[in-house]
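Quick notes on the structure that follows.
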2 protein chains.
Amino acid sequence: MYAEPACDSSLSTPFAARWPIVPAQPDVREAAPRKPATRCSTCSLRGVCMPPDLTSTEFEQLDTVVLTTRNVHRGETLFRAHDAFQSLYAVRTGSFKTVVMHRDGREQVTGFQIPGEPLGLDGICSGTHSCDAIALEDSTVCIMPFGQLESFCRESRRMQRHLYQLMSGEIVRESSLMMLLGTMTAEQRLAAFLLDLAERFQARGYSGAQFNLKMSREEIGCFLGMKLETVSRMFSRFQREGLVEPNGKQIRIVDVEGLARV
Amino acid sequence: MYAEPACDSSLSTPFAARWPIVPAQPDVREAAPRKPATRCSTCSLRGVCMPPDLTSTEFEQLDTVVLTTRNVHRGETLFRAHDAFQSLYAVRTGSFKTVVMHRDGREQVTGFQIPGEPLGLDGICSGTHSCDAIALEDSTVCIMPFGQLESFCRESRRMQRHLYQLMSGEIVRESSLMMLLGTMTAEQRLAAFLLDLAERFQARGYSGAQFNLKMSREEIGCFLGMKLETVSRMFSRFQREGLVEPNGKQIRIVDVEGLARV
DNA sequence: CGGTGGATTGACGGATGTCAACGAGTGTGG
DNA sequence: CCACACTCGTTGACATCCGTCAATCCACCG
């Protein structure tokens, strides 16, 4: 999932480390490819991931916490529901969806994550993940072993505060999704979804007016609580009304105010 | 909101403090009635609010953090959206709803809180609350000034972990509500709602089979993403099917398995 | 070239919203 | 004590949004 014109390559592998692959740490489910991480202190996403006011000492400590990254291919899972919780993750490149599943097969996509956004916060509560995190495209995440992160947060007030804010932000995000699912029409949901995505892309230096959806209509519907046919119809309606120009997965937002008014 | 036969009185005012009212700490919005708190170390709800394995030293420290309680009358707000965030709260007696509101007047109830459950976690993220917390009946909360709580969490590993778990639990709770709103029929939502409430009451020593809803049909509907008439119809249907016996706000669950099968 | 999966569009039906009437319960004031 | 207003809950009739089912189209790929 990236914006056009894609500055993807620059953000994809900031200070791209072509270092030799390090022996993988023990992993519960699979021997996933891991690589030493680029240092947080020099990462181009640090402004998105990390508090703005960390001292250089704190960045040095942080670099000892975030030691590795992991590649996840399109369609593969970073973690699954019921996996033991060990680490938090930050999307470095690519994108993910998180899915909660009911025993009867009902699925709900609870979020789409793009670079700089956290993954895994659901696992802290019970020590076990409660959702699947699935890559929408070939992606990379930074791995933050939670035990070490906790230790660091006891030493650094700023980092401690940051982690609380991250989690609280997730709570607020989900609240507004509940509002979306509980009170809005299908048309309003899709409009809100597109505006939210646009804003998040823009905050990362991508174009907010034109971007590429890495998720299918079905996945969008599963996130917005509607069927894929309805998603498709709403896209068509927006096109008729001159609000967006959808071209398959390529989306151009023509009239932001119009979308907001829906 | 309490169970029948109400053991309400025992849980209502555990070790009820009839101490003189302490000079209220400065409060942004109102001079709310505050009283010194019963000590966490001797509170009958401590098993619900706090980690099970705190040492006595930690409880002593905790007692210096949770110094005051506050009464909130039915219909009044504990905090409002846009209020400055200062403290986390734990419901001690009574019950609350949290409501997020859109500028156009759309409202969504994001949760109902009963004794032992946290309030205010939404405020950490931006330093400003993002929802209203409104008492459904005359209620009491324990006040945990966030700055002091943070300090305590840097000293106590267990307390630090507990706060992370609390927040993560809220994230997971909201995820399952998204699933409810996104994938379930009106009938299934109401069934899930009743079962969830029953479980929470039971975990607090109340009856899970019979309880008293303090919220109106409209508030239930606003929480479950449906209209009050639909809530009412679903209650009637459950009654016809012999699953619950609703008597206004008094609810008796007759067939738990049947409700779960819906 | 055909097979496959995703997207689009149409026709139809059902779940739920909307509007309205009515009854029960409660508080208030004469 | 009663009359009254008011809120809340229930129920019915009808409308509508969206889900379901099906056909078609398109891009991609072996």
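Owing to the predicted nature of the structure, the values given are computational and were not obtained by experimental measurement. Per chain, numbering begins at 1; letters A, B, ... match sequence-line order.
Among the atoms of the strands shown, only primed sugar atoms or phosphate atoms (P, OP1, OP2) are found under 4.0 Å from some heavy atom of G225(B). Residue-level contact check: S232(B) touches the bases, meaning some heavy atom is under 4.0 Å from a base atom.
Using a cutoff of 4.0 Å between basic side-chain nitrogens and carboxylate oxygens, R204(B) and E117(B) are scored as salt-bridged. A salt bridge does not link E174(B) with R173(A): none of the charged nitrogens is closer than 4.0 Å to a carboxylate oxygen.
Listed pair K249(B) / dG9(D) meets the phosphate criterion, a side-chain N or O lying under 4.0 Å from OP1 or OP2. Distances shorter than 4.0 Å separate some side-chain N or O of T230(A) from OP1 or OP2 on dG19(D).
Note that CZ of F201(A) is 10.0 Å distant from CD1 of I253(A), once rounded to the nearest 0.5 Å.
Atom CZ in R217(A) sits roughly 16 Å away from atom P in dC26(D) (whole-Å rounding). Between the P atom of dC18(D) and the CZ atom of R189(A) lies a distance of 7 Å, rounded to the nearest Å. Remark: P of dG9(D) and CZ of R237(B) are 19 Å apart, rounded to the nearest angstrom. In this structure, NZ of K227(B) is placed 14 Å from P of dC17(D), rounded to the nearest angstrom. Between the CD atom of E218(A) and the P atom of dT20(D) there is a distance of 12 Å, given to the nearest Å. In this structure, E187(A) atom CD and dG19(D) atom C1' are separated by 17 Å, rounded to whole Å. For N247(A) and dC26(D), the CG to P distance is 13 Å, given to the nearest whole Å. In this structure, L224(A) places its CG atom 12 Å from P of dC18(D), rounding to the nearest Å.
The six-membered or imidazole ring of F211(B) lies away from that of Y206(B), with a centre-to-centre distance of 6.0 Å or more. Taking the six-membered ring for Trp and the full ring otherwise, the centers of F223(A) and F112(A) sit less than 6.0 Å from each other.
Donor-acceptor pairing under 3.5 Å is recorded for the side chains of T110(A) and T98(A).
Checking side-chain atoms of E199(B) against main-chain N and O of D196(B) turns up no donor-acceptor pair under 3.5 Å.
Along DNA chain D, the nucleotide nearest to E229(A) and the one nearest to M184(A) differ in position, and the one closer to the 5' end is contacted by M184(A).
Distances were taken from every side-chain heavy atom of R233(B) (C-beta onward) to each of dT20(D), dG12(D), dG19(D); the shortest belongs to dG12(D).
In summary, contact between chain B and DNA chain C, defined as any nucleotide atom under 4.0 Å from a heavy atom of the protein, begins and ends at dT16(C) to dC19(C) in the 5' to 3' direction.
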